[in-house]
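Working notes for the structure below.
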Protein chains: 2
Amino acid sequence: MPVVPRAWELVLRHIERELLDGKLLPGDHLPPERALATELGVGRSSVREAVRVLEGFGLIRTQTGSGPSAGAIIIATPQGGMSALMRLQVAAQGFPVADIVKTRLLLETQIVAGLADAAGPLDAAELLLAAMDDDALTPAEFLALDAQFHVALAEASGNQVVTAMMAGLREAVESYALAGLPAVADWGATLRRLRTEHHGIVAAITASDAAAASTLIHAHITGYYTETHPQETPPW
Amino acid sequence: MPVVPRAWELVLRHIERELLDGKLLPGDHLPPERALATELGVGRSSVREAVRVLEGFGLIRTQTGSGPSAGAIIIATPQGGMSALMRLQVAAQGFPVADIVKTRLLLETQIVAGLADAAGPLDAAELLLAAMDDDALTPAEFLALDAQFHVALAEASGNQVVTAMMAGLREAVESYALAGLPAVADWGATLRRLRTEHHGIVAAITASDAAAASTLIHAHITGYYTETHPQETPPW
DNA sequence: CAGACCACTGTGGTCTGACCACACAGTAGC
DNA sequence: GCTACTGTGTGGTCAGACCACAGTGGTCTG
């Protein structure tokens with residue numbers, strides 16, 4: 001721990017404390033950067049660095065101009081921050097792809113089982129399901145919708161922490177799915193299989209068959225991974 | 001999307017690209033801030049804001065002075081960043097405590113089941129287990145060790161993504177556990193129960209009894225939560 | 001009087017230049 | 001040979017200035 005804490009950390013802690021004390025709520029404005037700087041006795045650049053970290057975490061949104069929508073507003077939408085964090089950690093090789101897949105398996109088997117037991121609204125997922133049945137889609141477009149479909153299942157669970165985690169994994173999942181595309185010998189056959197599996201998963205959920213839903217999504221995820229990584233030993 | 005991307009986002013994307021291209025690897029130094037600024041044609045303050053975001057994500061570590069250990073070094077340790085993100089999102093009410101607990105249940109039941117099937121080294125967890133048997137511990141100290149114990153189980157699984165997620169949950173878990181402390185009528189009894197449960201979980205893992213380990217840790221987590229939140233309807 | 005127009009004001013975004021603290025590297029002195 | 005010191009390059013911070021932007025409120029024009 002630094003003996004002299006950096007100025008921007010002081011600003012960060014100050015904002016965190018105001019959040020914990022309930023003085024700042026979602027939707028509120030942060031004080032203007034210049035005011036915060038004089039109030040805390042630091043330079044404006046230090047305030048900006050702290051604000052930048054909060055923006056990176058998806059905690060606030062900044063907007064130039066004037067009026068009610070301008071300034072730094074607390075939004076507390078963790079998905080964006082989680083996505084960026086995961087994407088950069090994968091880029092910096094902090095997260096192996098195998099661990100991403102294993103985490104997907106762990107989360108998603110539980111998510112669909114939970115949905116089967118106490119189903120939430122599956123509208124968003126079913127919409128994506130229909131969109132994926134469009135034959136005009138390119139493989140890349142299909143895989144993008146595919147990744148969104150899996151996030152939609154997490155959203156349907158209503159658990160915001162799990163949703164943020166799946167959203168964070170989404171970009172990583174999409175990129176490795178895309179990277180594996182050349183290894184797919186017969187895309188048409190794979191496409192049909194993926195579609196069938198998706199419909200099967202949703203059917204199992206609506207039928208309240210938790211065990212089947214878990215098994216199906218497990219096979220769905222491992223199936224694509226083994227197809228695109230044939231030479232590797234499966235991580236599970 | 002802003003038509004004119006902010007300068008610090010440009011810097012961030014540049015660094016991300018170098019990471020993806022393998023030009024920057026863990027352990028490498030980032031170029032000096034001044035050099036990066038002139039290279040990208042932006043001001044040093046913009047570079048600093050991008051660096052600050054990366055530091056917040058736990059991607060780099062900065063150090064003043066000169067020599068090999070000074071400057072910004074890529075470390076790719078996601079736990080710190082994930083912890084900070086979760087802590088702030090909880091503070092900003094982006095994550096309900098009930099969802100934290102549900103996510104713990106989801107992750108940890110799977111983790112211990114995986115450990116029972118293919119056990120990794122439990123040394124760290126067993127060390128914490130022994131430390132928690134010290135009768136001189138205050139409740140707060142015990143709960144801090146308790147939270148570390150659960151993270152240690154995740155670490156033993158070898159899955160870095162799950163470990164980072166559990167590390168992110170740790171502070172949130174510890175704080176709600178601490179907040180619930182006054183609701184515990186007989187701390188001595190609760191302490192004995194928690195200890196017994198911990199030992200039971202490790203025993204089930206070493207006995208390769210996945211089902212028992214899952215059941216025990218489920219009861220362990222829900223038990224403390226219901227004891228400290230008696231009036232609420234359980235979220236599971 | 002109604003509408004269009006426009007300067008004003010406060011916000012974040014950026015850059016420049018300066019200075020500090022720090023830690024290592026090389027050198028001068030002993 | 002060892003010690004002490006100076007030099008150098010790094011991040012950390014600050015102050016000041018300017019820009020772009022978007023509301024606000026007034027003024028002008030029909």
**OP:** Report the residues that fulfil side chain to side chain donor-acceptor pair (under 3.5 Å) with B:Q160, sequence neighbours left out, ordered by chain and then residue number.
**Re:** none
Original post:
Is there a side chain to side chain contact (heavy atoms under 4.5 Å, CB included) between A:M86 and B:M82 once you walk through the steps?
Top reply: CA-CA 9 Å; A:M86 293 248 181; B:M82 192 80 84; 3.8 Å; yes
Original post:
How close or far is atom P of C:dC15 from atom CD of B:E39, stated in whole angstroms?
Top reply: 15 Å
Subject >> Interatomic distance where CG belongs to B:L40 and P belongs to C:dT14 [whole Å] >> reply: 13 Å
Pairs under 3.5 Å (N/O, protein and nucleotides 13-15 of chain D):
residue, atom, partner, partner atom, Å
D:dT13, OP1, A:A7, N, 2.2
D:dT13, O4, B:R44, NH1, 3.4
D:dC14, OP2, A:G43, N, 2.7
D:dC14, OP2, A:S46, OG, 2.7
D:dC14, O5', A:G43, N, 3.3

Between the protein and nucleotides 7-9 of chain D, are there any N/O to N/O pairs under 3.5 Å, and if so, what are the atom names and distances?
residue, atom, partner, partner atom, Å
D:dG9, N2, B:G65, O, 3.1
D:dG9, N2, B:S66, N, 3.4

Subject >> Angle by which the axis turns from one end of the helix from C:dC1-D:dG30 to C:dC30-D:dG1 to the other, five pairs per end, to 10 degrees >> reply: 30°
**OP:** Answer yes or no: is there an ion pair linking B:E55 with A:R52, defined by an N-O contact shorter than 4.0 Å?
**Re:** no
Subject >> Stepwise side chain to side chain donor-acceptor pair (under 3.5 Å) test for A:R6 and B:T62 >> reply: CA-CA 12 Å; A:R6 288 123 108 198; B:T62 60; 2.8 Å; yes
Original post:
Are the charged groups of B:E174 and B:R170 less than 4.0 angstrom apart, N to O?
Top reply: yes
Original post:
Using 30° and 60° as the class limits, which term best fits the ring planes of B:H220 and B:H150: parallel, tilted or perpendicular?
Top reply: parallel
**OP:** Can you tell me the distance, in whole Å, between the CZ atom of A:R34 and the C1' atom of D:dC18?
**Re:** 11 Å
Subject >> Nearest-angstrom distance from the residue atom CZ of A:R61 to C1' of C:dG12 >> reply: 12 Å
**OP:** Calculate the interatomic distance between A:H29 atom NE2 and C:dG10 atom P; express it in whole Å.
**Re:** 15 Å
Original post:
For A:M165, which of A:T103, A:L107, A:V151 qualifies under side-chain contact (heavy atoms from CB on, under 4.5 Å)?
Top reply: A:L107
**OP:** Quick one: list whatever passes ring pair (Phe, Tyr, Trp, His ring centres under 6.0 Å) with B:F149, sequence neighbours left out.
**Re:** B:H198
Original post:
Any side-chain heavy-atom pair from B:R48 and A:R48 closer than 4.5 angstrom?
Top reply: no
Original post:
Tell me, which pairs form a ring-ring contact (aromatic ring centres under 6.0 Å, His included) where one or both residues lie in residues 49-90 of chain A, sequence neighbours left out?
Top reply: A:F57-B:F57
**OP:** Select from A:A70 and B:E55 the residue whose nearest nucleotide in DNA chain D is closer to the 5' end of that strand.
**Re:** B:E55
Original post:
For B:P31 and A:Q63, take the nucleotide of DNA chain D holding the closest heavy atom to each; which residue's nucleotide lies nearer the 5' end?
Top reply: B:P31
Original post:
Would you call B:I201 and B:V112 a side-chain contact if the rule is heavy atoms closer than 4.5 Å?
Top reply: yes
